[in-house]
Structures are given as C-alpha cells and as structure tokens.
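Note on naming: letters A, B, ... go to the chains in the order of the sequence lines (proteins, then strands), and numbering restarts at 1 for each one.
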2 protein chains.
Amino acid sequence: MSEVTRPTLSDALTERMLELIRTGGHRPGDRLPSTRELSQRFAVTTPTLREALRRLEATGAIEMRHGSGIYVGADIERLVLPNPNMREIHAAQLLELLGARIVIEPPLAALAAEHAGGEELSALQRVLDEAGRHLRGEDAELHDANMTFHRATARMAGNSVLNEVVDSLLTVHGPEQREILQIFDDRRRDYEEHLAILEAIEARDAAQAESRMRAHLVDVKTVIEHRLQSPR
Amino acid sequence: MSEVTRPTLSDALTERMLELIRTGGHRPGDRLPSTRELSQRFAVTTPTLREALRRLEATGAIEMRHGSGIYVGADIERLVLPNPNMREIHAAQLLELLGARIVIEPPLAALAAEHAGGEELSALQRVLDEAGRHLRGEDAELHDANMTFHRATARMAGNSVLNEVVDSLLTVHGPEQREILQIFDDRRRDYEEHLAILEAIEARDAAQAESRMRAHLVDVKTVIEHRLQSPR
C-alpha cells in the first residue's frame, strides 16, 4: 500500500455525500442513511466511507451520533468556521484577535441599534442580568454570560455572515477569553460597559452603541497589553 | 458493528496528532512520520488512523500528498477557515456576504493606508496592472486579479486575523464572485474604483481609502441587488 492511498476516492465520496444532502433537500438536523446503506449506495468499503464521513464531521457538515446515526450538521450552511484544531493561542495572536474584534464588533453594535426587535432587546437584557448574578461567582459562568452578550449583539445586527465571523472569533479562543477575564479583573467595569452598550442599543443610538463597543474592546485590549508587558 | 463506531478513538487520535505536531515544534510544510510509523506509534489500525488524518486534512491542519507523505498544513495556525463544504451560494447569502465585506473591508483599507510598506504598495500596483491587462480578456483572469487586489489590501492592514476573515469570505464564494463579475459588467468602472483606492492608500489618506473602499463595495452590492430584482 502506498503511503497515502485513495486521495481522490475520499474526495469523490465527500462530494457525493454533499450532493446527496443537497439534492435530497436535507436540512441541519435531518437524519441521513446509515453507514451500511451509504457504503452499498456508493459501492465502497466501510473504512473508505468513514474517511469521507470524518472529513465532513470535522467541518460540521454532518454529525455522527454514537449508536444513533448520521445527521446533517448545523454548520453545513455556514460560510466561515472557527478552526477546530486551535488548542492554544499565543499572546500576540490574542492581541490580534482583539484587534480584529475592535474593527468588526463596533459597526455591528451600530447595526444592532438600528435593527434590534423588542424581543431581542429583552433577551439581551436577560443576558446581562445573568452576568450580574455571576459577578461574584464562578469565572466560567460569568465568561459564558459575557460571550453570550457579544454573540447576541452581533446576531442583532442582522447579517448572518458577520454573525458567523464573530461567533468564530469568540469560539476559537474560548479558553483564552476566560483567561482574559482573569487578567482583566475589573469585572464590574466590564459589566458596566456592557450595560452602557445595551442602553445605547435600546435608545436606538447607533453612533453611541458603536463608540461604546469600540471603547469597551479597546479597554480590554489595553489592559491585556499592559499586563502582558508587566506580569504580576 | 454499531452504526457509528469508535467516535472517541478517532477524537483521541486527532488530539494526539495535534499534540505530536505541537510538541514536536513542527511548522507548516514540515514532514510528519508516515502512516505506518503513526499507526505503530499510536497502536491503531491504518483505517482508524486514516479517519483521524482525514479530519485533520479537511480542516487544513495536515496535507496528505499522494505518494509523498504527510505534511503540516498551512492552515493549522489560522483562527478562522472558509467552509470547505460550500458548493453553491444563494442570492440572499451572496448579498449578506457583500454586506459583511462592506463592514469589514473599508476599515482595513484605512489601516492599509496607515501601515503599508513601499514594497507592498508596488505589489498592489502590479496587481492592478495585471487586472488592467485582462480588462478585455478572460473573466477568470480578471477575477483572480481583482480578488488578489482585495486580499492584498486586507493583508496590508497588518492584522492576521482580519486577513484570515477576508481571505475566508473571498475564498468561500470564489465561483459566485466570478458570477458577480459577469453581472456587474462595468469592468472598467470596477477597475477605476480599485485604482482610486490604491491612490488613497499610496497618499496615506486613511479616511479616503476607507470611504472609497466602502463606496466601491456598496456600488457592487447595489448593482447586484438591482440585477437580481430585474434579471435580463
């Protein structure tokens, strides 16, 4: 057997699986034929089929649930994905990531102020209430509530692609974001800055929502830059 | 054999491969041990190993070159990836994608005006010279030159994460971008708008680079919206 066999067969199978999903009109969550049926349909061995399935699983196009079957994945229609192989982020990358968020999130806060519906605003308020309850509690829960705030604000902007981009940026550095929370230890200031952003969005003041989101993220980045230069 | 076997083994192997790359200090392009060596090292069968390898290949963490071996992939350090499973984009998604580019690319043009080095500016000029030569030629070549212009401008902004985001957005809808070029048939206007952006970057005029990039992308989006509503 050569070092790397069947590259084109695995590629072709991946294409056929995607075609099966597309032409079958299958949507995220829909169940697909079993491994056995698929191997028969495509006339390939199970190991070969499984290579193609793992490729599709790795990129969120399908979900393989143990003992249950194969389903269309939630990410199949996304344009942009977080890299699932990132395991650690270096300080320089973390700062670049915050630099990227400083460019992208403020205009989204402005769009959120223009587009948010009443229910979305109530939901955002509840997220901050939740954060408020965790202010003296566990890092993980406060972190989750804070990330939910940023995700929800991006979603309210009403552009699915930008929503995916922000979701990807927040997903890929989850553990590091928590580290930020520990470094950036003025939890109350963080919370109050979020509240001020919500107020501007509720007031439909796009310019203020944008400038408050920018000031907030610049604050976070500045504190982290400072701490990285002079660790305690 | 159950419907979906070994999910945790494949997960664990993926982790061990990533750990091997990380702890070995391997960089993109470095050659990794052969399939045979890896199966021995991890004490797994070749088909099981190959499932893990295909997962890593699908997300650009490794490259499997037929007859040559396994190499660390260029994308392993990216934070954001284009979805490799996108095959077609609907009109609504295409417009959302342009909406996303309208938010992200103009501030990058401003940053490019502030940060671009002399060599980068010459390279950008050469990209436009190339586009100019293809103005009456093949769609594919003009399209490539135009996409190179947008990618190069994003890269000049000096933030690797934003660069990955723009690269992902331009990669994922490559064929559809070409379609845009056919719809948006005023090739000369497109070219002249690119030239005007370059001039502003060369003049280190961040505000003008930003507003020209925004006007350019809004132009493209407006023309496409119009054409989609009233196809010829």
Best-contacting candidate, A52(A), A157(A), A100(A), P107(A), against chain B by heavy atom pairs under 4.5 angstrom
A100(A)

Region of D75(A) that comes under 4.5 Å of a non-hydrogen atom in chain B:
backbone

Relative to chain B, which segment of E19(A) carries a heavy atom at a distance below 4.5 Å: side chain, backbone, both, or neither?
neither

Determine whether L162(A) and V103(B) satisfy the following criterion, side chain to side chain contact (heavy atoms under 4.5 Å, CB included), listing intermediate values before the conclusion.
CA-CA 9 Å; L162(A) 289 167; V103(B) 167; 3.7 Å; yes

Can you tell me how far the CE atom of M64(A) sits from the CD atom of E51(B), to the nearest 0.5 Å?
6.5 Å

Among T59(A), L53(A), T14(A), I21(A), single out the residue with the greatest number of heavy-atom pairs under 4.5 Å to chain B.
T59(A)

So, taking the atom named CD in E57(B) and the one named CG in D11(A), what distance separates them when rounded to the nearest 0.5 Å?
7.0 Å

Any heavy-atom pair between the side chains of L81(A) and P84(B) that's under 4.5 Å?
yes

For F42(B), ring-ring contact (aromatic ring centres under 6.0 Å, His included) partners two or more places apart:
none

Most contact-rich option vs chain A, by heavy-atom pairs under 4.5 angstrom, among S160(B), P82(B), G158(B), is S160(B)

Minimum-distance pair of heavy atoms, taken over all atoms of Q93(B) and L79(A)
NE2-CD1, 3.5 Å

Walk me through whether N85(A) and L56(B) qualify under side chain to side chain contact (heavy atoms under 4.5 Å, CB included).
CA-CA 8 Å; N85(A) 306 314; L56(B) 292 167; 3.6 Å; yes

Greatest number of heavy atom pairs closer than 4.5 Å to chain A - which of N83(B), V161(B), I104(B)
N83(B)

When the 4.5 angstrom heavy-atom criterion is applied to L111(A) and chain B, the contacting part is side chain

Criterion side-chain contact (heavy atoms from CB on, under 4.5 Å) against V165(A), the qualifying member of V80(B), V166(B), V165(B)
V165(B)

